Amino acid sequence: GQSLEQPSEVTAVEGAIVQINCTYQTSGFYGLSWYQQHDGGAPTFLSYNALDGLEETGRFSSFLSRSDSYGYLLLQELQMKDSASYFCAVGTGRRALTFGSGTRLQVQP
Amino acid sequence: DAMVIQNPRYQVTQFGKPVTLSCSQTLNHNVMYWYQQKSSQAPKLLFHYYDKDFNNEADTPDNFQSRRPNTSFCFLDIRSPGLGDAAMYLCATSRDDLSSSYNEQFFGPGTRLTVL
């Protein structure tokens with residue numbers, strides 16, 4: 001079976017740094033991705049880690065440790081527009097992604 | 001701009017009345033996906049096409065069918081919608097030039113289905 005766990009909700013203030021963790025148990029593993037979804041909107045791709053380590057894309061970074069079945073998304077210099085749901089997703093083969101249940105980030109002024 | 005388009009954005013149907021949702025893409029991607037997303041939940045993959053090769057998820061109900069007449073278009077048919085099928089339906093695409101390409105998926109805006 002496939003299981004991804006992430007916190008349901010995180011709150012932070014503008015300008016702060018926040019980390020959203022994701023642990024996974026999957027029968028196959030072909031990388032960890034992160035998606036952002038604003039209320040009423042479509043998910044948009046943020047980052048992808050196939051190998052252990054840190055990937056940086058502007059204010060967002062993503063980390064993967066395959067030995068720990070663990071990854072995180074790091075958001076720096078938080079802005080109000082970052083308020084959204086963030087999903088981790090594991091590539092499980094056959095071109096399929098399994099999504100976590102999502103973390104709702106609320107950025108406060 | 002290259003994109004994924006879904007029509008309609010909002011669809012209301014009656015219990016048991018067949019409904020079809022549409023998706024088109026100008027990205028020329030080989031792979032197209034249909035997801036179901038209920039409120040405050042993760043997108044759940046229903047099935048995907050790799051070119052014309054149809055791949056159904058094991059737990060997708062038979063009530064859900066799909067057609068892909070060409071590279072650009074894909075349809076989701078719900079044969080007899082039940083109240084539990086009310087959800088957002090998301091279409092997505094991905095490239096297939098690398099084994100890892102499908103980890104980056106491009107989503108349409110979704111169709112919100114209401115079942116009365």
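This one's a predicted model, so the numbers in the text were calculated from it and none came from an experiment. Only this structure's heavy atoms are used, side chains among them; waters, hydrogens and symmetry mates stay out.
- With hydrophobic clusters built from ILVMFWY side chains whose heavy atoms lie under 4.5 angstrom apart, A/Val90 shares a cluster with A/Ile20.
- Linking ILVMFWY side-chain heavy atoms closer than 4.5 Å, directly or via other members, places B/Tyr102 and A/Phe87 in a single hydrophobic cluster.
- For residues 99-109 of chain A, a heavy-atom distance under 4.5 Å to chain B picks out A/Phe99, A/Gly100, A/Ser101, given by residue number.
- Atom CD of A/Gln19 is surrounded by more than 12 heavy atoms from other residues, nucleotides or ligands within 6.0 Å.
- For the side-chain contact (heavy atoms from CB on, under 4.5 Å) test with A/Arg95, the passing option among B/Asn103, B/Asn30, B/Leu45, B/Asp96 is B/Asp96; the others fail.
- In this structure, B/Met32 is not a member of the same hydrophobic cluster as B/Leu76, with clusters built from ILVMFWY side-chain heavy atoms closer than 4.5 Å.
- Taken together through direct or relayed side-chain contacts under 4.5 Å among Ile, Leu, Val, Met, Phe, Trp and Tyr, A/Phe60 and A/Val10 form part of one hydrophobic cluster.
- Taken from OH in A/Tyr35 to CD in B/Glu104, the straight-line distance is 6.5 Å, to the nearest 0.5 Å.
- Around CD of A/Glu5, the count of heavy atoms belonging to other residues, nucleotides or ligands within 6.0 Å does not exceed 12.
- Looking at residues two or more places apart in sequence or on another chain, you find a side chain to side chain donor-acceptor pair (under 3.5 Å) between A/Arg66 and A/Asp52.
- Atom CD in B/Glu57 sits 7.5 Å away from atom OG1 in A/Thr98 (nearest 0.5 Å).
- Heavy atoms from other residues, nucleotides or ligands lying under 6.0 Å from CG of B/Asn70 number more than 12.
- For B/Ser94, no part lies near chain A; criterion is any non-hydrogen pair under 4.5 Å.
- Shown here for A/Phe45 and B/Gln105, the closest heavy-atom pair between the two residues is CB-O, 4.2 Å.
- If you measure heavy-atom distances from A/Tyr30 to chain B, the contacts under 4.5 Å come from both the backbone and the side chain.
- In the hydrophobic clustering of ILVMFWY residues, with side-chain heavy atoms under 4.5 Å counting as a link, A/Tyr86 and A/Val18 come out together.
- More than 12 heavy atoms of other residues, nucleotides or ligands shown are found within 6.0 angstrom of CD on A/Glu9.
- More than 12 heavy-atom neighbours from other residues, nucleotides or ligands sit within 6.0 angstrom of NZ on B/Lys38.
- Only the side chain of B/Gln37 comes within contact range of chain A, with heavy atoms under 4.5 Å apart.
- Listed here is the closest heavy atom pair of B/Pro109 and A/Ala42: CA-CB, 4.0 Å.
- Proximity to chain B (any heavy atom under 4.5 Å) is shown, for A/Ala96, by both the backbone and the side chain.
- Counting heavy atoms from C-beta outward, A/Pro43 and B/Tyr35 have side chains that stay 4.5 Å or more apart.
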